[in-house]
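Have a look at the structure below, then the notes.
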2 protein chains.
Amino acid sequence: MATIYEVAALAGVSPATVSRVFNGNTVSPEKQRAVREAAAKLAFTPNKTARRLRKQSSEVIALLIPDIENPFFTALARGVEDRAQQAGFSVVLCNTDDDPGKELRYLQIAASEQMAGVILAPASDEADLGAIASLGSPVVAVDRTTPYPVDAVKVDNRAAGIAATTALFDAGHRRIACIAGPVGIESTEDRFLGWRQVMTTRRAAMPEGYLRHANFRADGGYAAMKDLLALPEPPEAVLTTNNLMGVGALQAVVEAGVDPSKFGLAVVGELPFMFLTPPAVVQVRLPARHLGTTAATMLLERIGGDAQPPRTVVLRAELA
Amino acid sequence: MATIYEVAALAGVSPATVSRVFNGNTVSPEKQRAVREAAAKLAFTPNKTARRLRKQSSEVIALLIPDIENPFFTALARGVEDRAQQAGFSVVLCNTDDDPGKELRYLQIAASEQMAGVILAPASDEADLGAIASLGSPVVAVDRTTPYPVDAVKVDNRAAGIAATTALFDAGHRRIACIAGPVGIESTEDRFLGWRQVMTTRRAAMPEGYLRHANFRADGGYAAMKDLLALPEPPEAVLTTNNLMGVGALQAVVEAGVDPSKFGLAVVGELPFMFLTPPAVVQVRLPARHLGTTAATMLLERIGGDAQPPRTVVLRAELA
DNA sequence: GAAGTCCAAGAAATCGATTTCGTCAAGGTC
DNA sequence: GACCTTGACGAAATCGATTTCTTGGACTTC
């Protein structure tokens with residue numbers, strides 16, 4: 001790795017001039033040419049670390065997501081990456097596993113690595129954005145909001161829950177259960193509230209046990225669905241508040257010998273890679289990628305110096 | 001962000017001593033305590049950038065994969081992350097989209113960011129590892145190998161292809177087509193060779209058009225399968241050389257009104273989130289996560305100074 | 001033609017850590 | 001007691017860029 005000094009020596013100028021050439025400052029055409037030639041000859045790439053130390057900032061943004069194996073989040077990540085790439089930024093992907101400890105560690109890393117900004121799907125309400133915020137690094141919350149006054153991009157989750165539940169109603173189902181995510185995670189909580197609202201409005205019965213809190217993965221949905229099917233009066237239809245629980249629930253239905261195209265299953269999110277989706281499955285498509293591009297755009301605006309008060313953008317999900 | 005100088009001032013010692021406290025050098029117990037107290041009071045976190053500039057290395061490893069939305073690669077990424085995490089390293093995930101240009105850019109970034117090492121699923125044979133290698137940063141190729149003399153972890157792809165094809169034979173199929181990935185990608189090429197070997201050994205007919213090269217995604221598999229089914233003499237069974245093409249192929253089968261549990265479909269890899277897999281689908285499970293942990297382990301050994309000649313570890317895939 | 005303005009470009013400071021080097025005192029050896 | 005070793009620790013160099021400060025020359029302006 002050639003340094004700026006070697007380039008300067010070869011080009012017969014000072015290091016400062018070399019720096020100026022690459023940072024768009026006033027340098028005479030001849031010296032400019034000399035520097036570029038020397039740089040090319042030495043295959044010079046500026047040392048990002050040194051630059052970062054001096055500039056106290058970098059062209060890297062951190063993206064903290066809870067589960068890299070969830071297609072919803074990878075689609076979101078793609079959106080972030082596409083947008084960042086365009087702007088010449090790199091994205092560092094971090095897996096928090098919905099563990100506040102891991103999340104905190106990554107936030108500290110982001111701070112001590114002088115990252116330009118952070119996009120975060122908060123694992124918990126207590127996500128400590130204090131450290132990173134006090135650094136002046138912008139933060140955008142995505143998918144879920146936080147108590148901190150930062151930009152946020154989310155989905156109208158309650159509307160999504162309402163749409164999904166209503167679709168089940170319209171298909172003729174009445175005894176509709178809900179498999180919700182862990183308590184305290186805003187996004188699925190809101191979807192569950194949508195379900196409850198529809199159920200209440202329509203005066204549908206919500207027997208004890210028709211609401212299940214499961215972990216976010218396929219196995220959680222699977223177990224919850226098994227439980228539901230084992231009830232004395234099992235539901236005719238079920239809403240799961242995220243994609244992977246939907247996968248698990250569908251499997252449980254099939255394994256129980258119930259015809260999945262008769263049973264009413266609604267999922268907020270998409271059943272990933274499920275082209276074979278039984279027609280009866282209702283899916284509310286979440287704009288995952290769009291969530292990512294929007295968040296990235298907002299973050300880049302902040303990085304660019306935009307100082308307006310925090311905004312929250314709410315995207316709408318649509319029935320697929 | 002407090003600096004080492006502020007800590008030193010508060011503790012009444014020199015910056016060098018503060019550094020020594022955090023890097024395990026000889027410091028008297030009293031000063032040690034004083035420094036730790038001061039550091040705690042100021043919430044001191046060492047500036048990674050400065051440290052990296054000085055040490056010319058960091059505790060970050062780069063992982064370059066072709067497609068973050070492919071569950072095979074996310075599982076692999078998880079493996080890498082778990083292992084890295086244990087060793088106190090962070091992982092930076094980069095999406096190459098199988099684009100040599102993007103790949104090259106990321107490799108340069110890895111170099112200019114002083115990353116401790118790189119794990120790479122090469123997009124092409126020409127992946128220029130020269131720059132990064134000349135830096136002395138270790139590189140481990142994963143899933144695919146490269147002409148450069150670096151460590152590699154791969155799957156016995158030919159055996160996987162053989163196992164899958166043989167299983168189709170054993171199920172009574174004879175007219176077996178193959179949907180292979182793009183030409184030039186070693187992993188799927190080898191799987192295709194396994195298919196051809198079985199077909200040849202068993203003297204099965206391989207009519208013109210029974211070998212398709214498709215893009216790696218579900219849509220590629222879908223289109224290829226459509227083509228195959230439209231042949232004058234369509235195959236009775238098909239092998240796809242990766243997971244996503246299998247998803248697409250399965251969809252095409254179903255859409256064509258063919259009963260997927262009659263048709264013979266074999267996939268090298270797992271049909272992601274496909275719990276509803278028709279019984280006839282043969283899957284050769286690839287040890288994706290294990291690939292990741294193994295690669296990370298090897299990389300960490302190299303980072304630790306291991307200088308033995310390059311090794312290639314071949315993992316075995318098993319019929320699921 | 002003297003004074004003021006402007007601009008290219010080098011010298012040197014700077015970012016915040018780590019590390020080398022040197023100093024000084026304590027302890028050991030003959 | 002003279003000499004050597006050892007260990008703690010501060011001063012200063014170092015990593016490689018950016019940026020401020022400074023200088024000297026060209027160009028205006030009156």
Side-chain angles (χ1 to χ4, degrees), chain A residues 1-36 38-39 42-60 108-116 131 135-137, chain B residues 1-36 38-39 42-60 108-116 131 135-137:
Chain A
M1 273 298 181
T3 74
I4 205 171
Y5 296 94
E6 305 174 48
V7 174
L10 183 58
V13 301
S14 76
T17 301
V18 177
S19 173
R20 284 192 266 257
V21 168
F22 289 107
N23 291 282
N25 265 306
T26 52
V27 176
S28 72
E30 317 99 73
K31 305 226 167 194
Q32 202 149 143
R33 215 175 29 73
V35 167
R36 287 194 195 285
L42 297 173
F44 167 71
T45 324
N47 181 313
K48 293 255 177 93
T49 305
R51 159 188 297 207
R52 183 182 307 184
L53 177 59
R54 180 63 232 240
K55 305 232 297 187
Q56 303 285 45
S57 85
S58 65
E59 261 95 59
V60 178
Q108 279 170 346
I109 289 180
S112 71
E113 294 263 6
Q114 264 89 36
M115 304 219 177
L135 240 73
S137 293
Chain B
M1 274 298 184
T3 73
I4 206 172
Y5 296 94
E6 303 173 50
V7 174
L10 183 58
V13 300
S14 77
T17 300
V18 177
S19 173
R20 285 193 264 257
V21 168
F22 290 106
N23 290 285
N25 266 307
T26 52
V27 176
S28 71
E30 316 99 72
K31 304 226 167 190
Q32 199 145 148
R33 214 173 33 71
V35 167
R36 288 193 193 285
L42 297 174
F44 167 71
T45 324
N47 181 314
K48 294 254 177 96
T49 305
R51 157 186 301 207
R52 182 182 307 184
L53 176 59
R54 181 60 232 243
K55 305 231 296 187
Q56 304 284 44
S57 86
S58 65
E59 261 94 59
V60 179
Q108 279 170 346
I109 290 180
S112 71
E113 295 263 6
Q114 264 89 41
M115 302 215 179
L135 241 74
S137 294

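Here is the naming used below: chain letters follow the sequence lines, and residue numbers restart at 1 for every chain.
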Could you give the CZ-to-C1' distance, from A:Arg51 to C:dG16, as a whole number of Å? 18 Å

From the options C:dA9, C:dT19, D:dT18, select the nucleotide whose nearest atom is closest to the side chain of A:Ser19. D:dT18

hbond_proxy B:Arg52 side chain to D:dG16 base (donor-acceptor, 3.5 Å cutoff): no

Selection from D:dC9, C:dG10, D:dA17 that lies nearest to any side-chain heavy atom of A:Thr17: C:dG10

For the side chain of B:Arg54 and the base of D:dT14, is some donor closer than 3.5 Å to an acceptor across the two? yes

Of the options C:dA9, D:dA11, D:dA17, whose atoms approach the side-chain atoms of A:Asn47 most closely? D:dA17

Expressed in angstrom and rounded to an integer, what is the separation of A:Gln56 atom CD from D:dT19 atom P? 11 Å

For the student: nearest non-hydrogen atoms of B:Ser112 and A:Pro46, plus distance: CB-O, 3.8 Å

Given atom CG of A:Asn23 and atom P of D:dT19, what is their separation to the nearest angstrom? 7 Å

How long is the line joining CG of A:Leu53 and P of D:dG16, in whole Å? 12 Å

Given D:dA17, C:dG16, C:dA8, the nucleotide with the shortest approach to the side chain of A:Ser28: C:dA8

Closest approach to the side chain of A:Lys55, judged atom by atom: which nucleotide of C:dG16, D:dT18, C:dA8 is it? D:dT18

Taking all non-hydrogen atoms of both residues into account, name the closest pair between A:Thr26 and A:Arg20 and its distance. O-CD, 4.4 Å

